[in-house]
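Every value quoted in this text rests on a predicted model; they were computed, and no experiment measured them. Letters go in sequence order (proteins before strands), and every chain restarts at 1.
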2 protein chains.
Amino acid sequence: MSIKAVVFDAYGTLYDIQSVAAVTEQEFPGYGDIITQIWRIKQLEYTWLRSLMRRYEDFAVVTRESLAYTLRCLGLKYDADAFERIMDKYLHLDLYPDALASLTAMKPNKLAILSNGSPGMLNALVKNSGLESVLDATISVDAKRIFKPSPDAYTLIESTLDIPPSDVLFISSNPWDACGAKAFGLNVAWIERVTPEAMALACIESEAVAPLTMFKAIRTQMDELGLEPDYRIRALSELPGLIALRS
Amino acid sequence: MSIKAVVFDAYGTLYDIQSVAAVTEQEFPGYGDIITQIWRIKQLEYTWLRSLMRRYEDFAVVTRESLAYTLRCLGLKYDADAFERIMDKYLHLDLYPDALASLTAMKPNKLAILSNGSPGMLNALVKNSGLESVLDATISVDAKRIFKPSPDAYTLIESTLDIPPSDVLFISSNPWDACGAKAFGLNVAWIERVTPEAMALACIESEAVAPLTMFKAIRTQMDELGLEPDYRIRALSELPGLIALRS
């Protein structure tokens with residue numbers, strides 16, 4: 001195996017989805033964390049449910065609908081402007097601090113994103129974050145009208161880059177995405193951003209937990225889906241060294 | 001439209017999935033609630049993910065894997081016997097108190113279950129809870145090797161009962177299941193067991209919440225999937241009156 005392309009998940013992997021909490025807290029003081037967590041949890045649920053129901057709508061629609069669900073669930077009143085200010089943060093998510101340097105160091109390889117995001121959302125995000133010049137392609141599942149982890153979504157890597165799955169290293173911090181990519185036949189590095197030790201510690205006072213702790217418990221630990229990623233790393237900054245060994 | 005069959009979701013609709021908390025708390029004091037909530041949240045995630053990945057395993061496997069995930073996530077050590085004692089509760093879930101009387105009162109209609117549960121799990125549960133004599137059929141999605149809300153799962157109602165979707169009333173307390181059934185073309189009554197007012201009130205102290213509150217926030221409010229159930233009821237006991245009007 002030699003790696004010819006490195007393909008990244010976007011939300012949660014290159015971009016810190018928790019960075020919306022600054023805006024949700026500003027618009028709804030005291031509710032920033034719980035909005036952020038319910039929104040993200042429902043956003044992904046809706047991608048899976050709509051895919052299974054064969055009622056695809058793009059990620060911009062799903063992101064709006066999951067935010068609307070969240071604010072209704074919490075009984076929060078809001079005007080259209082507040083809603084749009086929160087939504088806008090999805091086009092300006094914070095990059096993980098090591099993202100740009102790590103990608104630049106891997107530049108001899110083809111670099112791409114494969115994301116659930118709609119083309120409009122992804123193009124804006126990549127441009128706003130300064131990744132435009134370092135990426136060879138930004139691939140949206142929208143071309144297949146189904147979300148990850150459907151195998152159909154992962155086929156877009158080969159059809160776009162003309163590189164077979166065996167020569168691709170796929171990077172995700174989302175356990176279900178790492179499993180989906182592995183099931184499809186890609187080489188996979190999973191970014192374990194929350195260690196098992198930190199996770200267990202956060203849940204010791206389990207009678208009342210921060211919404212962020214529940215999010216981490218649900219969505220940051222490796223899933224039990226009968227699949228294992230090829231590599232476990234802790235941060236994007238480990239990738240250039242890993243790639244150097246395999247290119 | 002005249003209703004000729006009433007078909008029920010099982011877990012959460014006829015059977016109280018929260019009733020596992022007595023056993024999880026007994027095995028892991030202090031962790032009963034958080035185990036119960038993470039387990040249920042992951043159990044359904046795995047049905048959706050495996051369906052999308054085309055890696056179906058039956059609900060018994062998914063239920064075991066989601067419990068294993070939960071205990072690992074919380075850093076809890078356990079022996080095989082403790083694990084099996086918790087699993088066994090899934091074959092002895094509590095019926096909602098109004099379930100048997102409500103079903104009996106609708107008996108002139110055909111009555112059935114359509115559930116994600118494996119045939120083995122469902123047959124044991126129906127027998128242990130005394131619903132065997134009142135149900136005309138217990139239908140498992142296992143025959144299609146895909147979980148709800150895939151349309152394929154809901155086709156099993158007509159192929160088993162020989163009654164078209166337009167003559168079926170489907171009952172679920174799970175919002176995503178009510179939406180899936182509606183998208184498929186069934187008449188749908190959704191049981192809203194947590195009112196919007198109670199939901200909002202539970203989240204006012206949102207910096208630290210009970211795991212059950214997070215579960216409710218994620219899985220008990222009507223979803224934003226562009227679909228509306230035909231009826232909203234608060235309890236199974238409202239069904240005989242509703243059916244009398246439509247039969």
Colleague: Using every non-hydrogen atom in the two residues, find where B:C73 and A:Q221 come nearest and quote the distance to one decimal.
Modeller: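 Distance-wise, the nearest heavy atoms are SG-CG, 4.2 Å.
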
Colleague: Hey, does the side chain of B:S206 reach the backbone of A:G30 with a donor-acceptor pair shorter than 3.5 angstrom?
Modeller: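 Judged by distance alone, yes, a pair lies under 3.5 Å.
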
Colleague: Salt bridge or not for B:E224 and A:R72, using N-O below 4.0 Å?
Modeller: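 A:R72 and B:E224: salt-bridged.
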
Colleague: Tell me, out of B:E45, B:K42, B:M222, B:E205, who's got the most heavy-atom pairs with chain A below 4.5 Å.
Modeller: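 Highest number of pairs under 4.5 Å: B:E45.
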
Colleague: Quick check against the 3.5 Å criterion: does B:R54 have a side-chain atom that pairs as donor or acceptor with the backbone of A:P151?
Modeller: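 No.
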
Colleague: Tell me, for B:I204 versus chain A, whether the close heavy atoms (under 4.5 Å) come from the side chain, the backbone, both or neither.
Modeller: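 Contact with chain A: backbone and side chain both.
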
Colleague: Heavy-atom cut-off 4.5 Å, strictly under: side chain, backbone, both or neither for B:I218 against chain A?
Modeller: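 Both parts, backbone and side chain.
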
Colleague: Looking at B:D223, B:I38, B:I41, which one has more heavy-atom pairs under 4.5 Å with chain A than the rest?
Modeller: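 Top option by heavy-atom pairs under 4.5 Å: B:D223.
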
Colleague: Where do B:L74 and A:A200 come nearest, in terms of heavy atoms and distance?
Modeller: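 Smallest heavy-atom distance, with atoms named: O-CB, 3.6 Å.
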
Colleague: Nearest 0.5 Å please: distance from the CH2 atom of B:W48 over to the CZ atom of A:R50.
Modeller: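 It comes to 14.0 Å.
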
Colleague: Check each atom of B:L227 against the heavy atoms of chain A and say whether the ones under 4.5 Å are side chain, backbone, both or neither.
Modeller: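 Just its side chain gets close to chain A.
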
Colleague: Which one wins on heavy-atom pair count under 4.5 Å against chain A: B:D33, B:V209, B:I34, B:L76?
Modeller: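 The answer is B:V209.
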
Colleague: Write down the atom of A:T220, the atom of B:Y69, and the distance for their closest heavy-atom approach.
Modeller: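 In this case the closest contact between A:T220 and B:Y69 is N-OH, 4.4 Å.
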
Colleague: Using heavy-atom distances under 4.5 Å, tell me whether B:M214 contacts chain A through its side chain, its backbone, both, or neither.
Modeller: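 Interface part for B:M214: side chain.
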
Colleague: Could you measure the distance from the CG atom of B:L225 to the CG atom of A:L49? Nearest 0.5 Å is fine.
Modeller: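 CG of A:L49 is found 6.0 Å from CG of B:L225.
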
Colleague: If you count heavy-atom pairs under 4.5 Å between each of B:S150, B:P149, B:G75 and chain A, which one has the most?
Modeller: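 If we count pairs closer than 4.5 Å to chain A, B:P149 comes out on top.
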
Colleague: Determine the minimum heavy-atom distance between B:M53 and A:A183, stating which atoms define it.
Modeller: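 The answer is CE-CB, 3.8 Å.
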
Colleague: I'd like to know which of B:S66, B:G226, B:P211, B:G180 tops the heavy-atom pair count under 4.5 Å against chain A.
Modeller: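 Ranked by contacts with chain A, first place is B:P211.
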
